[in-house]
Amino acid sequence: MIAEGTLTYADEKKQRRYDRAYLRMAREWSYLSHCNRKKVGAIIVKNGMIISDGYNGTPSGFDNDCEGADGLTLWYVLHAEANAISKVARSTNNAKDATLYLTLSPCKDCSKMILQVGIKRVVFAERYKDQAGIELLKSAGVELVHLSLEDNNE
């Protein structure tokens, strides 16, 4: 008998395969972003089903330009995970105990939202320059998995 919360080697291998597949989907989703500086994608999975997706961009109804004339990101651009979490909030579903797949690790503001909606696992491909968000999630007991999209052998 396997203890609760413990995966067998076969289960771990299967989970890693799914993690890579969902990360690839998040990367594909990131290509929809109109941002020039960085394109980020997010997928939220719960009970084996994709319940939401998002990419970084401006709020609905705004021009799609994410950067100002100075080349800097406009203050009102939403992060991919914020868009995905907002979509769940507008639906009849919720993100409690879900896994969030991101092409870039979350910032500190998005990490607060991740905690607030009950996401229990975050899988990301690249590290964001400021690791405060990751540290917050780690201190709250959220499972964090860093997987490179480049090494896709599993």
Side-chain angles (χ1 to χ4, degrees), residues 5-7 9 11-48 50-59 62 64-68 70-89 93-154:
T6 305
L7 296 176
Y9 175 75
D11 290 338
E12 285 180 17
K13 193 170 179 177
K14 181 179 180 182
Q15 183 63 61
R16 192 58 45 111
R17 216 172 85 235
Y18 277 98
D19 287 346
R20 290 189 187 288
Y22 286 128
L23 265 183
R24 285 192 305 269
M25 292 171 84
R27 179 177 52 191
E28 286 299 317
W29 212 246
S30 75
Y31 298 148
L32 296 172
S33 173
H34 291 273
C35 297
N36 295 319
R37 291 183 67 205
K38 192 72 164 172
K39 294 178 183 300
V40 182
I43 301 287
I44 300 176
V45 176
K46 182 175 178 177
N47 298 327
I50 296 172
I51 62 167
S52 192
D53 52 53
Y55 53 88
N56 57 325
T58 57
F62 280 69
N64 284 327
D65 293 330
C66 295
E67 293 86 9
D70 57 4
L72 297 177
T73 302
L74 298 169
W75 69 269
Y76 53 84
V77 169
L78 293 162
H79 290 184
E81 55 271 53
N83 268 324
I85 289 169
S86 296
K87 279 185 178 180
V88 171
N93 212 333
N94 67 70
K96 185 174 180 354
D97 299 327
T99 298
L100 172 63
Y101 293 89
L102 289 165
T103 57
L104 185 66
S105 65
C107 71
K108 57 188 171 190
D109 289 326
C110 289
S111 291
K112 291 185 282 186
M113 287 195 313
I114 290 166
L115 291 175
Q116 197 66 10
V117 300
I119 290 172
K120 294 295 183 204
R121 190 165 180 267
V122 176
V123 180
F124 61 94
E126 293 178 43
R127 290 189 184 275
Y128 183 61
K129 60 187 174 193
D130 179 2
Q131 290 294 288
I134 288 294
E135 292 305 318
L136 177 66
L137 294 173
K138 194 182 299 181
S139 71
V142 172
E143 181 184 347
L144 300 166
V145 180
H146 180 202
L147 285 179
S148 171
L149 281 168
E150 306 313 312
D151 179 23
N152 223 358
N153 295 334
E154 288 185 49

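Counting only distance, with no hydrogens or angles, the side chain of E81 and the backbone of L102 share no donor-acceptor pair below 3.5 Å. Using a distance-only test at 3.5 Å, with no hydrogens or angles considered, no donor-acceptor pair links the side chain of N56 to the main chain of A80. K87 places no side-chain N or O within 3.5 Å of a backbone atom of N83 that could act as its donor or acceptor partner. No donor-acceptor pair under 3.5 Å is formed between the side chain of K120 and the backbone N or O of A98. In this structure, the side chain of S111 engages the main chain of G133 through a donor-acceptor pair within 3.5 Å. A donor-acceptor contact shorter than 3.5 Å links the side chain of T103 to the backbone of G41. In this structure, the side chain of S105 engages the main chain of Y128 through a donor-acceptor pair within 3.5 Å. K46 contributes a side-chain N or O that, together with a main-chain N or O of N94, makes up a donor-acceptor pair within less than 3.5 Å. Checked by atom type and distance alone, the side chain of H146 pairs as donor or acceptor with a backbone atom of A125 at under 3.5 Å. Checked by atom type and distance alone, the side chain of R121 never pairs as donor or acceptor with a backbone atom of V145 at under 3.5 Å.
When the salt bridge (Lys or Arg N to Asp or Glu O under 4.0 Å) test is applied to K14, no partner is found at least two apart in sequence or on another chain. Evaluation of the salt bridge (Lys or Arg N to Asp or Glu O under 4.0 Å) rule for E28 yields no partner, not counting sequence neighbours. The salt bridge (Lys or Arg N to Asp or Glu O under 4.0 Å) test applied to D65 returns no partner, not counting sequence neighbours. For the ring-ring contact (aromatic ring centres under 6.0 Å, His included) test, residues two or more places apart in sequence or in another chain that qualify with Y76 are F62. Evaluation of the ring-ring contact (aromatic ring centres under 6.0 Å, His included) rule for Y22 yields Y101 as partners, not counting sequence neighbours.
Nearest heavy atom pair, residue A140 against residue L115, reads CB-CD2, 3.4 Å. Here the closest heavy-atom approach between residue L147 and residue R20 is recorded as CD2-NH2, 3.9 Å. Closest non-hydrogen pair, S86 versus A82, comes out as OG-O, 2.8 Å.
Remark: the T73 side chain and the R37 side chain contain an N/O donor-acceptor pair separated by less than 3.5 Å. At a cut-off of 3.5 Å, with distance as the only test, a side-chain donor of D19 or Q15 sits close to an acceptor on the other residue.
Atoms CD1 and OG, on I134 and S139 in that order, are 11.0 Å from each other to the nearest 0.5 Å. Separation of atoms NZ (K39) and OG (S30) is listed at 7.5 Å; rounding is to 0.5 Å. In this structure, CD1 in I85 is found 10.0 Å from CD in Q116, a value given to the nearest 0.5 Å. Here CG of L74 is found 7.0 Å from CD of E67. Values are rounded to the nearest 0.5 Å. Atoms CG and CD1, on L100 and I119 in that order, are 4.5 Å from each other to the nearest 0.5 Å. Taken to the nearest 0.5 Å, the CD atom of E12 stands 14.5 Å off from the CZ atom of R17.
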Check the pair M25 / I50 against side-chain contact (heavy atoms from CB on, under 4.5 Å), numbers first and verdict last. CA-CA 10 Å; M25 292 171 84; I50 296 172; 3.2 Å; yes
Using the side-chain contact (heavy atoms from CB on, under 4.5 Å) rule, take D130 and K108 through it: C-alpha gap first, then chi angles, then the decisive distance, then the call. CA-CA 8 Å; D130 179 2; K108 57 188 171 190; 4.3 Å; yes
Step-by-step side-chain contact (heavy atoms from CB on, under 4.5 Å) determination, I51 to V45: CA-CA 6 Å; I51 62 167; V45 176; over 6 Å; no
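Under the 4.5 Å side-chain criterion, counting only non-hydrogen atoms from C-beta, H79 is in contact with C107. Within the 4.5 Å cutoff, side-chain heavy atoms of L137 are placed close to those of I114. Between I44 and V88 the shortest side-chain heavy-atom distance falls below 4.5 Å.
The salt bridge (charged side-chain N to carboxylate O under 4.0 Å, His left out) analysis of residues 132-141, with sequence neighbours excluded, yields the pairs E135-K138.
In the displayed structure, Y31 atom OH is contacted under 6.0 Å by more than 12 heavy atoms of other residues, nucleotides or ligands.
E126 and R27 are not joined by a salt bridge, as no carboxylate oxygen comes within less than 4.0 angstrom of a charged side-chain nitrogen.
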